Amino acid sequence: MQGTISCMRNYNMNTVGESLRPLTLKTQENGESVRTLVEENAVIVIGRRGCCMCLVVKRLLLGLGVNPAVLEIDEEREEEVLSELEKIGVHGGGDTVKLPAVYVGGRLFGGLDRVMATLISGELVPILKEVGALWL
Amino acid sequence: MGDTSPRTSVSTDGDTDHNNLMYLCSLMKGIWVLVLLILATVQRVKWIKRLAQNREAARKSRLRKKAYVQQLENSRLKLTQLEQELQRARQQGVFISSSGDQAHSTAGDGAMAFDVEYRRWQEDKNRQMKELSAALDSHASDAELRIIVDGAIAHYEELYRIKSNAAKNDVFHLLSGMWKTPAERCFLWLGGFRSSELLKLIANQLEPLTEQQSLDINNLQQSSQQAEDALSQGMDNLQQSLADTLSSGTLGSSSSGNVASYMGQMAMAMGKLGTLEGFIRQADNLRLQTYQQMVRLLTTRQSARALLAVHNYSLRLRALSSLWLARPRE
């Protein structure tokens with residue numbers, strides 16, 4: 001059984017116009033691929049396909065000047081991907097992951113709640129700089 | 001004939017008759033005059049009586065008319081009051097249905113329940129702000145001010161909790177802003193106010209700020225603006241997505257395939273509507289975070305003044321709404 005996960009990287013820093021180059025990964029094992037994506041990207045947003053909240057997170061990060069990788073999951077794949085993500089968690093596993101989820105520096109950062117809270121409190125930008133998602 | 005003899009009472013028969021006749025005539029004349037006089041008097045009395053009766057009747061008629069007009073005025077007043085009550089109830093989202101639709105009234109109950117809770121919260125807030133103002137004026141200690149300021153922030157948290165519960169019931173009532181006064185609705189964004197606008201408001205009133213504070217407040221305002229924009233774009237996306245869902249698929253004659261696709265579309269649309277609750281929650285979360293950060297960046301005294309500035313602004317908006325609602329209409 002071959003699964004298709006579409007992964008989009010935004011290369012354009014301009015929030016007004018983004019050029020999206022979707023990468024289609026054909027994988028045998030979903031889980032490995034998800035883990036790889038999380039580990040390979042400084043910032044990755046994982047959400048359901050067509051989810052509006054996922055878009056909000058994405059726009060927020062774009063607005064800060066971050067180029068997050070975005071992983072959109074189909075409904076059928078959701079459980080699989082979630083179980084794999086739970087293995088990655090901050091403390092090595094056992095966290096319940098709610099979508100949309102943001103992973104920073106290979107670790108679970110949180111959902112829109114946490115992104116918003118850290119943005120307002122001023123903690124977000126230093127964290128992003130730390131993982132190399134932001135320069136300046 | 002120089003008859004100097006005095007007249008005697010003895011006169012001739014002819015003279016007596018003549019005198020008697022004359023006397024009778026005079027008497028009759030007298031009686032006649034008397035009768036006339038009596039008649040005249042009677043007439044006059046009757047006339048006076050009639051005048052009095054007329055006057056009385058007119059008076060009674062005036063009283064009756066006055067009573068009638070008074071009754072009309074009372075009814076008119078009552079009608080205006082009822083109209084106003086109806087208007088007020090409508091504005092507060094109560095569904096006024098003449099047919100007594102059950103399904104609508106349950107949603108109306110949720111909206112009404114929230115409106116009641118919100119009114120209570122508003123009263124608490126007014127009391128709290130009076131307390132804060134008094135404390136500031138009486139040069140209370142920072143520690144005392146701190147307690148009230150923290151209480152105010154906790155009170156906002158309470159409001160957002162109330163809204164979160166209400167959103168589960170009737171998210172559209174919250175989004176409609178019908179629980180707010182008209183002028184406040186001018187500035188409605190995702191079921192409340194914009195934090196970025198609030199910060200602009202207080203930044204002007206908070207002189208003097210240290211350079212670091214100015215910078216920090218500015219950053220806070222920018223961050224909240226960014227968050228608001230992101231949420232707005234999410235909402236636009238939701239709207240577009242909903243429109244796409246409802247307008248897609250085949251129209252036309254019903255077949256099992258069409259019915260299935262219709263149901264599928266509806267299910268998807270229902271899912272999208274369900275995300276609105278999340279949007280309100282995030283917007284309220286943003287509002288709370290902004291308040292909390294603002295208080296962190298300012299001194300206790302400055303925080304107190306900032307909260308009062310926000311409250312006074314809101315009072316003005318509400319006063320404006322009252323004026324607007326009471327304005328004379330052609």
Side-chain angles (χ1 to χ4, degrees), chain A residues 8 10 12-18 20 43 45 47-68 70 72-76 78 98-102 109-129 133-134 136, chain B residues 160 164 190 195-196 198-199 212 215-242 244-245 248 264 267-269 271-297:
Chain A
M8 291 187 264
N10 303 320
N12 197 340
M13 300 264 283
N14 192 349
T15 50
V16 175
E18 332 164 27
L20 300 170
V43 180
V45 180
R48 291 184 201 95
R49 193 180 296 279
C51 169
C52 302
M53 282 301 174
C54 188
L55 184 86
V56 174
V57 179
K58 197 168 68 166
R59 294 284 183 186
L60 251 181
L61 292 170
L62 279 173
L64 292 172
V66 177
N67 280 332
V70 178
E72 289 187 343
I73 309 177
D74 293 317
E75 211 179 314
E76 309 93 55
E78 196 174 313
K98 276 200 237 152
L99 300 179
V102 180
F109 185 74
L112 180 55
D113 284 28
R114 181 130 195 261
V115 173
M116 192 95 80
T118 50
L119 169 69
I120 295 295
S121 68
E123 296 168 299
L124 184 59
V125 170
I127 293 176
L128 290 172
K129 285 190 182 161
L134 261 184
L136 265 186
Chain B
Y160 301 136
S164 170
L190 265 183
S195 299
S196 58
L198 222 69
L199 286 169
Q212 184 61 46
L215 201 68
D216 289 337
I217 294 283
N218 203 31
N219 284 340
L220 177 60
Q221 201 229 306
Q222 267 196 318
S223 302
S224 60
Q225 182 92 57
Q226 282 171 333
E228 283 164 19
D229 289 344
L231 282 170
S232 295
Q233 287 181 39
M235 281 292 276
D236 287 344
N237 184 269
L238 175 64
Q239 210 179 36
Q240 188 61 54
S241 171
L242 191 59
D244 289 342
T245 307
S248 70
M268 202 149 63
K272 294 195 192 294
L273 283 186
T275 63
L276 282 171
E277 194 190 320
F279 271 98
I280 286 213
R281 202 173 56 77
Q282 292 298 338
D284 282 343
N285 187 29
L286 174 61
R287 291 174 186 120
L288 182 65
Q289 298 291 335
T290 311
Y291 271 129
Q292 289 175 332
Q293 179 69 0
M294 179 190 85
V295 166
R296 266 180 239 135
L297 293 173

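Remember, it's a predicted structure, so these values are computed and weren't measured experimentally. Lettering of chains follows the sequences in order, A, B, ..., and the numbering in each one begins at 1.
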Test side chain to side chain contact (heavy atoms under 4.5 Å, CB included) applied to A/R59 and B/Q226, step by step
CA-CA 9 Å; A/R59 294 284 183 186; B/Q226 282 171 333; over 6 Å; no

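Contact count against chain B (heavy-atom pairs under 4.5 Å) is highest for A/D113 among A/L60, A/D113, A/V57. Heavy-atom pairs under 4.5 Å with chain B were tallied for A/V125, A/V115, A/L124, A/L119; the largest tally goes to A/L119. The most heavy-atom pairs under 4.5 Å with chain A, out of B/Q292, B/M235, B/R281, B/Q222, come from B/R281. No other option in B/L231, B/N219, B/L220 has as many heavy-atom pairs under 4.5 Å with chain A as B/L231.
To the nearest 0.5 Å, the span separating OH on B/Y291 from CD1 on A/I120 amounts to 13.0 Å. Here CG of B/L238 is found 10.5 Å from CG of A/L55. Values are rounded to the nearest 0.5 Å. Within the model, atoms CE of A/M116 and OG1 of B/T290 stand 8.5 Å from one another, a figure rounded to the nearest 0.5 Å.
Both the backbone and the side chain of B/N237 come within less than 4.5 Å of a heavy atom in chain A. Contacts of B/Q293 with chain A are made by side-chain atoms alone, with heavy-atom separations under 4.5 Å and no backbone atom involved.
Residues A/C52 and B/G234 share a closest heavy-atom pair of CB-O, 3.8 Å. Across every non-hydrogen atom of A/M53 and B/G278, the tightest pair is CE-C, 3.4 Å.
Residue A/E78 places its CD atom among more than 12 non-hydrogen atoms of other residues, nucleotides or ligands, all under 6.0 Å distant.
The closest side-chain heavy-atom distance from B/Q233 to A/V56 is not below 4.5 Å.
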